[in-house]
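This report concerns only the one structure given below.
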Amino acid sequence: MGGPPGLEAAELTNPVTHIIAVAVGFIRDLGFPGKMHVAGGYGNPLDDPLGYFAVKNLVPIKIGPLDMSITMEVAAMFVVVILASTLFILAARQTEGAPRGLRNLLEVFMKWLRDDIVRNFIGKDGDKWVPFIATLFFFILFCNWLGLIPKSSTATANINIPATLAIMVFLLFVGAGVVKHGPLGYIKSLIPHGVPKWLIPLMLPIELVGQVAKPFSLAVRLFANVLAGHIVLVCFLGIILYFNSIIIAPAPLLGVLVMNLLEILFGFIQAYIFTILTAMYIGAALNPEH
Amino acid sequence: MVALSAGLAMGLAAIGTGLGIAILAAKALESMARQPEASDGIRTSMIIAIAFVEAIALYSFVIAILIWTKI
């Protein structure tokens, strides 16, 4: 980003002349000479659009064959854990009197999670599932929201983290069904009532595939929604680089602003959908409603 | 060829998703107008159903990204 082209240093004797010369050169070019250097070391979004989403290693740690490095996603998850635990511990300390302030806000969320999500789908004795559902909800919510801060990384935009959550949910609802009904009873509960006996060998593989498809759809839904939002943001910023002029800049910036607000909404919606589907699957495994 | 297939994958999926969400939202709005006091439950179910339909479009988005990065 040099100065205005076509002006020698010897001509700029007067500061006023210098300012006018810079202004005239700026308006004449209506842009920055040359390509802009993209800070952050990711590479130009025009040439390498997905380079922004590559895994960035902060602290390489190798334990034998396992690669346990601290990457940006791991650091983001640490921040989420610290933030969530601080919020809830601070709210839990307020034990005397009516709830006010932070505790009031978090109690609204906990009541909503307990009544509208857990008790609706798992039934009255589902109270022991509320801590898990609340942890899942707040973890995904804070992971999605913290990714919108400019220099931080979205943990859920990497396929591994939603996949881990989905595998955990799969083991939980299959385990809950097996513990309650026994292994054969769980498979029997998959088959709807009133199905003629000769149809069962056809229904069973379909139902089993359906059960295995549930964690896949959970993981891909969360991952793709968050990743798509961030890709749109990077593409909007790439429009500015493509035109390389400052006159075009306000339109993509408006788009980025609107997409950020939409991402806040979508982060909440995706956390809510993941949580409510988890509660539905656990409820369906515990009380097959036939 | 790569660009054509990636574009077609997402574009064709978007047709079905747009139709699906439109039908869903139309039915939900109609039922909310018929019985305004059930609005909250209908709105919640509509948002859950929209997430299901949108997930199918996003499966093909993931395929388009895989095609584009030539895996």
Side-chain angles (χ1 to χ4, degrees), chain A residues 43 45 47-55 112-113 115-117 120-121 140 144 156-160 162-163 166 210 213-232 234-235 262 265-281 283, chain B residues 1-32 34-71:
Chain A
D47 303 323
D48 182 23
L50 290 186
Y52 178 74
F53 301 101
V55 175
W112 168 65
L113 279 169
D115 288 345
D116 289 342
I117 297 187
N120 220 347
F121 294 106
I140 302 178
N144 290 345
T156 32
N158 198 340
I159 185 62
N160 300 300
K214 286 177 181 173
F216 270 110
S217 78
L218 275 180
V220 174
R221 179 181 299 122
L222 175 61
F223 156 69
N225 263 299
V226 174
L227 186 67
H230 284 261
I231 287 186
V232 170
V234 169
C235 288
L262 206 64
L265 175 69
F266 258 80
F268 177 79
I269 288 181
Q270 288 309 314
Y272 171 61
I273 294 286
F274 197 103
T275 312
I276 209 169
L277 283 174
T278 306
M280 266 196 225
Y281 295 157
Chain B
M1 200 61 185
V2 162
L4 181 63
S5 66
L8 261 183
M10 191 59 212
L12 288 177
I15 297 179
T17 306
L19 273 177
I21 297 187
I23 294 177
L24 216 154
K27 289 287 186 182
L29 280 171
E30 181 185 321
S31 59
M32 280 201 260
R34 290 183 71 144
Q35 193 181 3
E37 51 273 2
S39 258
D40 266 338
I42 297 176
R43 187 182 307 126
T44 304
S45 306
M46 179 183 84
I47 291 189
I48 297 180
I50 286 184
F52 270 115
V53 175
E54 191 140 3
I56 299 182
L58 285 172
Y59 300 156
S60 79
F61 172 72
V62 170
I63 299 287
I65 297 275
L66 288 179
I67 291 176
W68 180 33
T69 55
K70 296 187 187 62
I71 289 181

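Below, chain A is the first sequence line, B the second, and so on; all start at residue 1. From a predicted model like this one, the values you see are computed outputs, not experimental measurements.
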Distance (rounded to the nearest 0.5 Å) between A:Leu227 CG and B:Ile65 CD1: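 With rounding to 0.5 Å, CG (A:Leu227) is 6.0 Å from CD1 (B:Ile65).
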
Between atom CG of B:Leu58 and atom CZ of A:Phe223, what is the distance when rounded to the nearest 0.5 Å?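 Between B:Leu58 CG and A:Phe223 CZ, I get 10.0 Å after rounding to 0.5 Å.
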
Which heavy atom of A:Ala224 sits nearest to which heavy atom of B:Phe61, and what is that distance?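 In this case the closest contact between A:Ala224 and B:Phe61 is O-CE2, 4.4 Å.
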
Do you know which two heavy atoms are closest between B:Ala55 and A:Arg221, and how far apart they sit?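 Nearest heavy atoms, B:Ala55 then A:Arg221: CB-NE, 3.2 Å.
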
Contact class of A:Phe274 relative to chain B, heavy atoms under 4.5 angstrom: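 For A:Phe274, there is no contact with chain B at all, as no heavy atom is under 4.5 Å.
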
Is A:Ile159 close to chain B through its backbone or its side chain, or both, or neither, when contacts mean heavy atoms under 4.5 Å?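 Neither part; nothing is under 4.5 Å.
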
Specify which of A:Val220, A:Ile276, A:Ile273 makes the most heavy-atom pairs with chain B at under 4.5 Å.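 Going by pairs under 4.5 Å, I would pick A:Ile273.
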
Let's go through A:Asp116 and B:Thr44 carefully: what are the C-alpha distance in whole Å and the side-chain angles of both, what is the deciding distance for side chain to side chain contact (heavy atoms under 4.5 Å, CB included) to 0.1 Å, and is it a yes or a no? CA-CA 10 Å; A:Asp116 289 342; B:Thr44 304; over 6 Å; no

Are A:Ser217 and B:Tyr59 close enough, and set up right, to give a side chain to side chain contact (heavy atoms under 4.5 Å, CB included), and what steps lead you there? CA-CA 9 Å; A:Ser217 78; B:Tyr59 300 156; 2.8 Å; yes

